[in-house]
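Written out below as structure tokens is the structure these notes cover.
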Amino acid sequence: MRPALLALLVAATLTPSLAVCADEAQKPKTTQELLDASQPADWRTLDPASTLYLELASGRVVIELAPDFAPEHVGNIRTLAHEGYWNGMSINRSQDNFVVQWGDPAEEGQPRKPLGSAKAKLPAEFERKADGLSFHPLPDKDGWAPQVGFAAGFPAARDPQAGEAWLTHCYGAVGAGRDMAADSSDGTELYVVDGQSPRQLDRNITLVGRVVEGMELLSVLPRGTGPLGFYEQAAQRVPIKSIRLAADVPEAERTQLQVLRTDTPLFDAVVESRRNRRDDWYKRPAGHIDLCNITIPTREPPATTQP
């Protein structure tokens with residue numbers, strides 16, 4: 001057989017498989033495929049000193065605190081949790097498409113539970129200087145801030161010209177309620193966003209962290225019938241067993257949880273897999289994603305293989 005003819009036959013045999021391989025190589029990976037291929041360095045373990053466990057009859061809500069953005073509030077919250085301030089209190093408000101809130105249910109003018117060693121006065125921590133903050137921006141525009149992305153593992157916004165950065169009111173964000181004065185929060189009244197992101201609250205109230213596990217326990221709570229979703233009867237309130245720092249909980253009783261880092265090429269790929277969905281069901285990629293539509297994946301630490 002002539003060499004030229006042999007080459008053509010070989011090419012004809014190999015070309016289809018090469019085309020299939022090329023097609024598979026070009027096909028974008030799904031979010032799950034990206035996560036399945038992740039490496040240990042793509043994940044981080046929650047700091048027990050910055051993790052709260054909100055214990056309800058229905059289960060545990062895990063909250064990651066944000067000391068890089070609200071150090072004074074986080075310090076007070078740590079003290080309150082360490083001294084058992086919220087133990088035996090209740091969730092007193094569930095407003096439809098907005099927030100769930102807990103704290104001392106005492107009526108206005110009635111005696112309230114002492115703060116113990118916690119501070120009675122805190123500064124407003126609506127934003128912080130952007131200097132020294134590792135900020136991982138998204139490629140898309142935002143209607144609420146010049147730039148949005150992730151910082152210290154939290155959805156955040158930044159104004160490069162003003163040199164300021166702040167946390168954003170995305171689903172699961174935890175904030176400290178206040179009165180009219182900007183510095184009227186002491187960290188005892190906390191709320192969680194459980195509706196469409198109320199970004200108009202950004203830089204008007206101190207955000208202290210976010211729920212990383214257990215939102216389903218809060219989002220299903222009955223809506224309050226009073227103004228702003230407050231429960232009108234004591235029997236409607238949801239009892240809180242305890243709120244503890246993970247650092248105060250025996251290690252064997254802690255929730256083993258890892259969170260996907262938000263400063264890696266893998267996370268960029270995960271964002272793109274949600275930003276431009278190319279699953280078979282989608283016919284038109286969106287070409288845009290809102291900051292608050294990005295879910296940060298969590299997982300149980302994989303079992304280690306013992307030698």
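Note that the coordinates shown come from a computational prediction; the quantities given were computed from them, not determined experimentally.
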What is the minimum heavy-atom distance between [X] and [Y], and which atoms define it?
{"X": "Ser94", "Y": "Tyr231", "answer": "CB-OH, 3.4 Å"}
{"X": "Val148", "Y": "Phe135", "answer": "C-CZ, 3.6 Å"}
{"X": "Gly187", "Y": "Ser185", "answer": "N-OG, 3.2 Å"}
{"X": "Arg210", "Y": "Gly153", "answer": "NE-O, 3.7 Å"}
{"X": "Ala120", "Y": "Asp186", "answer": "O-CB, 3.9 Å"}
{"X": "Tyr191", "Y": "Ala176", "answer": "CE2-N, 3.7 Å"}

CD (Glu300) with more than 12 external heavy atoms under 6.0 Å: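 Counting other residues, nucleotides and ligands, CD of Glu300 stays at 12 neighbours or fewer.
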Other residues, nucleotides, ligands: >12 heavy atoms within 6.0 Å of Lys241 NZ: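 At most 12 heavy atoms, drawn from other residues, nucleotides or ligands, come within 6.0 Å of this atom.
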Answer yes or no: is there a side-chain heavy-atom contact under 4.5 Å between [X] and [Y]?
{"X": "Thr31", "Y": "Arg274", "value": "yes"}
{"X": "Thr298", "Y": "Leu260", "value": "no"}
{"X": "Cys292", "Y": "Pro155", "value": "no"}
{"X": "Trp144", "Y": "Gln200", "value": "yes"}
{"X": "Gln101", "Y": "Phe230", "value": "yes"}
{"X": "Leu291", "Y": "Cys170", "value": "yes"}

Rounded to the nearest 0.5 Å, what separation is found between the [atom1] atom of [X] and the [atom2] atom of [Y]?
{"X": "Ile91", "Y": "Leu221", "atom1": "CD1", "atom2": "CG", "result": "5.0 Å"}
{"X": "Ser184", "Y": "Ile205", "atom1": "OG", "atom2": "CD1", "result": "8.5 Å"}
{"X": "Leu201", "Y": "Leu207", "atom1": "CG", "atom2": "CG", "result": "8.5 Å"}
{"X": "Leu46", "Y": "Leu257", "atom1": "CG", "atom2": "CG", "result": "5.0 Å"}
{"X": "Arg261", "Y": "Ile296", "atom1": "CZ", "atom2": "CD1", "result": "13.0 Å"}
{"X": "Thr188", "Y": "Arg112", "atom1": "OG1", "atom2": "CZ", "result": "6.0 Å"}

Please table the atom pairs, donor to acceptor, closer than 3.5 Å between any side-chain atom in residues 59-71 and protein atoms at least two apart or in another chain.
unit_1, atom_1, unit_2, atom_2, d
Arg60, NE, Glu55, OE2, 2.7
Arg60, NH1, Glu253, O, 2.9
Arg60, NH1, Thr255, OG1, 2.9
Arg60, NH2, Glu55, OE2, 2.9
Arg60, NH2, Glu253, O, 3.3
Glu64, OE1, Arg44, NH2, 3.1
Glu64, OE2, Arg44, NH1, 2.8
Glu64, OE2, Arg44, NH2, 3.4

Donor-acceptor contact below 3.5 Å, side chain [X] vs main chain [Y]:
{"X": "Asn92", "Y": "Gly103", "value": "yes"}
{"X": "Asn76", "Y": "Ala118", "value": "no"}
{"X": "Asp179", "Y": "Ala181", "value": "no"}
{"X": "Ser38", "Y": "Leu34", "value": "no"}
{"X": "Asp142", "Y": "Gln147", "value": "no"}
{"X": "Asp268", "Y": "Leu266", "value": "no"}
{"X": "Asp279", "Y": "Trp281", "value": "no"}
{"X": "Ser58", "Y": "Leu217", "value": "no"}
{"X": "Gln236", "Y": "Glu232", "value": "yes"}

Listed once per pair and sorted, the salt bridge (charged side-chain N to carboxylate O under 4.0 Å, His left out) pairs that draw on residues 70-88, sequence neighbours left out: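 Every pair satisfying salt bridge (charged side-chain N to carboxylate O under 4.0 Å, His left out) with a residue in residues 70-88: Glu72-Lys119.
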Qualifying side-chain hydrogen bond (donor to acceptor under 3.5 Å, both in side chains) pairs with a residue from residues 284-294, counting only residues at least two apart or across chains: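 Pairs touching residues 284-294 that pass the test: none.
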Co-membership, hydrophobic cluster, residues [X] and [Y], 4.5 Å side-chain:
{"X": "Leu167", "Y": "Val259", "answer": "no"}
{"X": "Leu56", "Y": "Met215", "answer": "yes"}
{"X": "Ile77", "Y": "Tyr53", "answer": "no"}
{"X": "Val212", "Y": "Val100", "answer": "no"}
{"X": "Ile243", "Y": "Leu115", "answer": "yes"}

CA sep, side-chain torsions, deciding dist, call: Phe98, Arg93, side chain to side chain contact (heavy atoms under 4.5 Å, CB included): CA-CA 10 Å; Phe98 196 44; Arg93 177 188 181 193; 3.7 Å; yes
Chi angles and distances behind the side chain to side chain contact (heavy atoms under 4.5 Å, CB included) call for Leu190, Trp86: CA-CA 11 Å; Leu190 298 178; Trp86 289 288; 3.9 Å; yes
Partner residues of Arg254 under the salt bridge (Lys or Arg N to Asp or Glu O under 4.0 Å) criterion, sequence neighbours left out: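 Expected list: none.
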With sequence neighbours excluded, residues passing salt bridge (Lys or Arg N to Asp or Glu O under 4.0 Å) with Asp104: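 By the salt bridge (Lys or Arg N to Asp or Glu O under 4.0 Å) rule, Asp104 matches no residue at all.
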Side chain to side chain contact (heavy atoms under 4.5 Å, CB included) evaluation trace for Thr206 with Leu122: CA-CA 10 Å; Thr206 299; Leu122 298 174; over 6 Å; no
Qualifying ring-ring contact (aromatic ring centres under 6.0 Å, His included) pairs with a residue from residues 238-269, counting only residues at least two apart or across chains: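 Output for this query lists Phe150-Phe267.
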Candidate pair Asp263 and His136, rule side chain to side chain donor-acceptor pair (under 3.5 Å), full reasoning: CA-CA 6 Å; Asp263 58 351; His136 203 66; over 6 Å; no
